Each structure stands twice: as C-alpha cells, then as structure tokens.
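Have a look at the structure below before the remarks.
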Amino acid sequence: MIRDVTKQKFRDNVWFIAVDFVNRWDLMAQYPEHARKIQDVALSVTDYNRYTLYGKYHFEESDDVPIFTLYHKKTPSMPNGKMAIALDKETTLYSGAIPYRNMPLRRLTTSTHLSWNFGYTLAYDLLPLQNGLNILDSIIITNQSTYGVQNIIAARGSNVQASQLAGGLNLIEWDVIEGGAEPHALNLTSTPAEIFNYRGTLVQDLQLISGVNAVSRGDMSALGKNMSGSAMALIQTMAIQYANSLQKSYIMTLEGTATDTVHILRDFAKVPRVAMIVGKSNENFMKSFTGDDLSEVNRVTIDIGNPMSKTVAGRTDLADKYLEHGFAKTPEQYEQVMSTGKLEPMIEGDRAELIQVRQENENLTAGKPVMAIATDNHILHIMEHKVPIAGDGRWNAQMVKRTTDHITEHLELLKSTDPMLLSILKQPVMQPQDPQVGPGPTNGDQPTPPLPGGPNPALEQSGAKLPNLPQSPIQN
C-alpha cells in the first residue's frame, strides 16, 4: 500500500515518485539477489528517517524498509510506461514497463494551481478572513488579560490606604475633598463595540465562503425558533452541495480506484478469492471469484444520490412526507427510518415494482416473454406499459400486439382476482360484466303483458286465439 506521495510532478501528472514501507523479510524473499543490501538498509533506518519519510515517529524497532517507486505515465514517447523500484541511490530492485493498465495513483484535490505541484483548497480563500478574525480575537484577549484585574482610583488626600482594599467585607472611609469623587474602579477592559460587530461580520463571511452553516455545525441556538425541518434540510443540502468541486474530485478518485482494482483483479487474480457482497435488500453473503468472473466488468461508477437523504434533518423530512402521502405502509417502517436513517424500508417495495415494470418493458421491446401475476400493481403496470408503444414502437405491429395483450392480461386479473386481495393491495375492484343475450323478462319471472291489440307470440305458437276486442273509437 502506498502511504505517501512526494510533491514531485512533471507536466500534468506524467510521473510520480511514491514512498512506501515494506517488511524487510518479504522484500528479501522477493529480491534475494539484493538481500544483503536490504538488510543493511533496514539496520541503518533511524527514527528520524522514518519521521521525515513517513511523517510519524517509530520509537520501537521495526522491520519496515523504505522503498521508492517511480511511475511514469503511458505516453506516445513511452507507450508501455515506466516503473522503477529503488532501495537507495545505488540499488534498483526493479525497472521495466508498468504491469498495470494505468498508473496505480489517483490524485484528490479540489482544483489545481497553474504551473504548480500543489492542489488548490477552499481554505486558501478563507485565510485572509481568518487572519482578520485572529487579529480581532487577539485584541479582545490581550485587553482582557492585561486589564482584567481592576485598579482603584481615588483623589489625592482622600486618606484611602491600599491595605483597606484587600479581602472583602471591609468598611472603607475616605476624606471628602472639594471637587473630588469617591474612590472607584478604573475600568480599562471595555472593548469597542465595533470590534465585536466586525468580528461577527467576518464569521458570517467565513460561513458564506465555506458553506459551513449553523445547521451543519449543529448550532441550534443560531437558528430561528420557527424553522421547519424542511428548511433545515434545505440549508444542510446547500452546505453539502457547496463542496461540489471536492465532492466531484472525491467521487472521480473513488471510481478510478475501484476501476483500477477491478482491472488488476481481472489481470492477476488467478487463484480464487473470497469477498463479501451486498445483494438485494442489503443482504450480505460471501462469494468466491477469480479474475475471469470479472471479465464483463469494465468500469465502476458511483452514484452519490440525493444529499438531503444523507442528513438527519433531510431523512426526517422525507420520512414525514412519505408518511403524509401514504408511502409508509406500517408504523414499523416509519420507526425504522427514524432509528436507522435509511429510507429503504419505505420505498423498497415500490422501487422493486417499478424496476420490474421497466424490465418488462425491455422484454416487450425485445420480444421476450412477460407474465402478469395477481399481486402486481396493475394500474402502475398498465400506465407504464404504454411507454414502449408511445413512440416509434407503435409502428411495430408485433410489438403493439405483445404490449396490448399484456395490458389485457392485467385487466383480466383485475376482474378475476379475489376482491379482498385487491382491497389489501389498494387496487380497484372490477366486477366482470354478463354478456348481453337480448331483451328478457323485466318483471321477475312474469312475462311482460302484451300491449292491447298487439301480437302475442306465445299465444300464437300455442294456437289459442284472443277474444275480439272493441275497436277504438278514434278512426284515422
């Protein structure tokens, strides 16, 4: 593991020299031809050498030996790069091409100085304001420490002795002198109010530039009494997003380091290794793998998510919103969010359903089989399954048929599923409609009586004849 990188850089990270400490016995086993030299170097390393190289005192004896590794980037002039491991000025343990796909070093900095090795940090913008704040604090403290013990002033001839001022509960009498006042304390500790006012202005400017506000510091006294959780979550989110440059560099460093690790494992991991993997529902399990198992992994990406969900105030506000809109199905889910700070218990089911819908859309587009089940959120599925045929997919007759058939499958399940199950799932209950077979009896089991003078099919089929009815007096 590389523990330190010297401040040596040439033209946009082309080469670096890294300093590391390696156990001398391991180093001697790896480079037996230099075993004697490694032993001599190990015995000559002093505490001062370790401090200057490693930045830490080692008062006990150690078998660690400092080595220096040069990495040169792969460039058109040096297509294979360069890697050299040196024990000292005279001894080179290895010299050759870089065996890795990239240099095993990643730089983490907010931004870079032009034509300078050092990175740029936000603290540089805060230094002038902090210097001014230090000066004002020094004035206040110097004044208080110098004149904190007050002196007594009295008119000459008032007959007040210094011995009378020692201790307490003393009766002090003085001679009244015309034009003179009684003895009183000489107060020199008073600091002008302008110093304190300007000090407050500097503190506000420091907060503004750094993005570190009262919420992120946990200073509740600086917040308004009526500030809501949503407002505090917003302020905290702004503080997190203000460090966007450093955050971006940090994420890029993590992605690059993880990608380099995968590449190294793909190239060199021939013996099975065991790693802990987090699967669905954050379930942990051990799995063995080799480099061949990672052959399809080319890059690692990191999604930082919503900064509001990373703060206590933000999670509380989101949990309240989920509870208000019905996403929290049970009190246990809400309690788990408040106690653990994880929102997954509330949204895990809905998120899994939405992922399933999108997978079905991909299968419908690719012509793969899909299946609807009774416990699906049928309304969500129907609305989302319109997406594949909302654009150019509507001109693909087979795709339209596959999609509409699947939507019809959800409709049929809405009709045939047990209404109690649909009610539990908060799905609409749709009763199947009876097929129309033509007009039938509408008066219970009794046939509809015929109209006067009209035909009666039942009587005509039986051969019975109706009595002659009187003619209507109204003639046409």
Side-chain angles (χ1 to χ4, degrees), residues 1-109 117-119 253-254 256-275 288-292 294:
M1 180 181 67
I2 298 174
R3 302 180 181 177
D4 185 28
V5 177
T6 60
K7 307 178 184 64
Q8 302 185 40
K9 186 187 74 168
F10 176 73
R11 203 179 61 183
D12 193 23
N13 304 345
V14 172
W15 60 268
F16 282 95
I17 295 179
V19 182
D20 192 15
F21 280 87
V22 180
N23 184 276
R24 63 172 172 173
W25 303 108
D26 294 339
L27 204 61
M28 291 166 63
Q30 188 175 3
Y31 303 101
E33 66 276 14
H34 300 289
R36 184 58 182 271
K37 183 64 176 179
I38 295 172
Q39 179 73 8
D40 295 340
V41 171
L43 296 177
S44 64
V45 174
T46 63
D47 290 338
Y48 176 76
N49 297 137
R50 291 192 175 93
Y51 173 75
T52 54
L53 293 175
Y54 186 45
K56 182 179 180 181
Y57 280 112
H58 289 255
F59 294 102
E60 71 282 355
E61 293 184 0
S62 174
D63 288 329
D64 290 344
V65 177
I67 61 173
F68 306 86
T69 306
L70 166 70
Y71 296 98
H72 192 289
K73 195 175 182 179
K74 295 179 180 180
T75 60
S77 60
M78 193 175 291
N80 296 323
K82 181 72 174 180
M83 177 178 174
I85 303 176
L87 189 65
D88 53 21
K89 296 179 182 179
E90 295 81 17
T91 308
T92 300
L93 303 179
Y94 170 83
S95 179
I98 294 181
Y100 315 112
R101 302 189 185 190
N102 301 303
M103 281 200 307
L105 292 171
R106 295 284 174 172
R107 195 179 191 200
L108 174 60
T109 179
N117 300 335
F118 299 99
T253 301
L254 289 182
T257 303
T259 301
D260 292 341
T261 302
V262 171
H263 289 165
I264 291 174
L265 291 173
R266 286 180 56 179
D267 297 337
F268 300 103
K270 305 303 180 183
V271 179
R273 295 168 175 251
V274 179
S288 62
F289 70 96
T290 62
D292 295 335
L294 303 176

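Quick caveat: nothing in here was measured; it's all calculated off a predicted structure.
- Remark: T257 pairs with no residue by the side chain to side chain donor-acceptor pair (under 3.5 Å) rule, at least two apart or across chains.
- For F268, the side chain to side chain contact (heavy atoms under 4.5 Å, CB included) test picks out P99, Y100, I264, with sequence neighbours left out.
- In this structure, L294 CG and L265 CG are separated by 6.0 Å, a value rounded to the nearest 0.5 Å.
- Between I17 and T69 the shortest side-chain heavy-atom distance does not fall below 4.5 Å.
- Side-chain N or O atoms of T91 include none that pairs as donor or acceptor with a backbone N or O of H34 at under 3.5 Å.
- In this structure, the separation between CG on L93 and CG on L27 is 5.5 Å, given to the nearest 0.5 Å.
- Residues L87 and T92 form no side-chain contact, since every pair of their non-hydrogen atoms from C-beta on lies 4.5 Å or further apart.
- Among residue pairs with one or both ends in residues 74-84, none qualify as salt bridge (Lys or Arg N to Asp or Glu O under 4.0 Å); sequence neighbours excluded.
- Considering only residues two or more places apart in sequence or on other chains, N80 meets the side chain to side chain donor-acceptor pair (under 3.5 Å) condition with none of them.
- The two residues I85 and I67 have their closest heavy-atom pair at CG2-CD1, 4.1 Å.
- Using a 4.5 Å cut-off on side-chain heavy atoms (C-beta onward), H72 and M83 make no contact.
- In this structure, S288 has no side chain to side chain donor-acceptor pair (under 3.5 Å) partners at least two apart in sequence or on a different chain.
- For residues 87-99, the salt bridge (Lys or Arg N to Asp or Glu O under 4.0 Å) pairs, not counting sequence neighbours, are K37-D88.
- Residue pairs satisfying the salt bridge (Lys or Arg N to Asp or Glu O under 4.0 Å) criterion with at least one member in residues 26-35, sequence neighbours excluded, are absent.
- Heavy atoms only, all atoms of each residue included: A29 and P32 are closest at O-CD, 3.7 Å.
- Under a 4.0 Å N-O distance rule, the pair R101/D260 does not qualify as a salt bridge.
- Taking each heavy atom of R107 and T253 in turn, the nearest pair found is O-OG1, 3.3 Å.
- In terms of heavy atoms, A275 sits closest to F289 at CB-CE2, 3.6 Å.
- The minimum heavy-atom distance linking K73 with M103 is given by the pair N-SD, 3.6 Å.
- The nearest pair of heavy atoms linking V271 to T290 is C-CG2, 4.2 Å.
- Among residues two or more places apart in sequence or in another chain, the salt bridge (charged side-chain N to carboxylate O under 4.0 Å, His left out) test is passed with R273 by none.
- Counting heavy atoms from C-beta on, the side chains of V65 and V22 never come closer than 4.5 Å.
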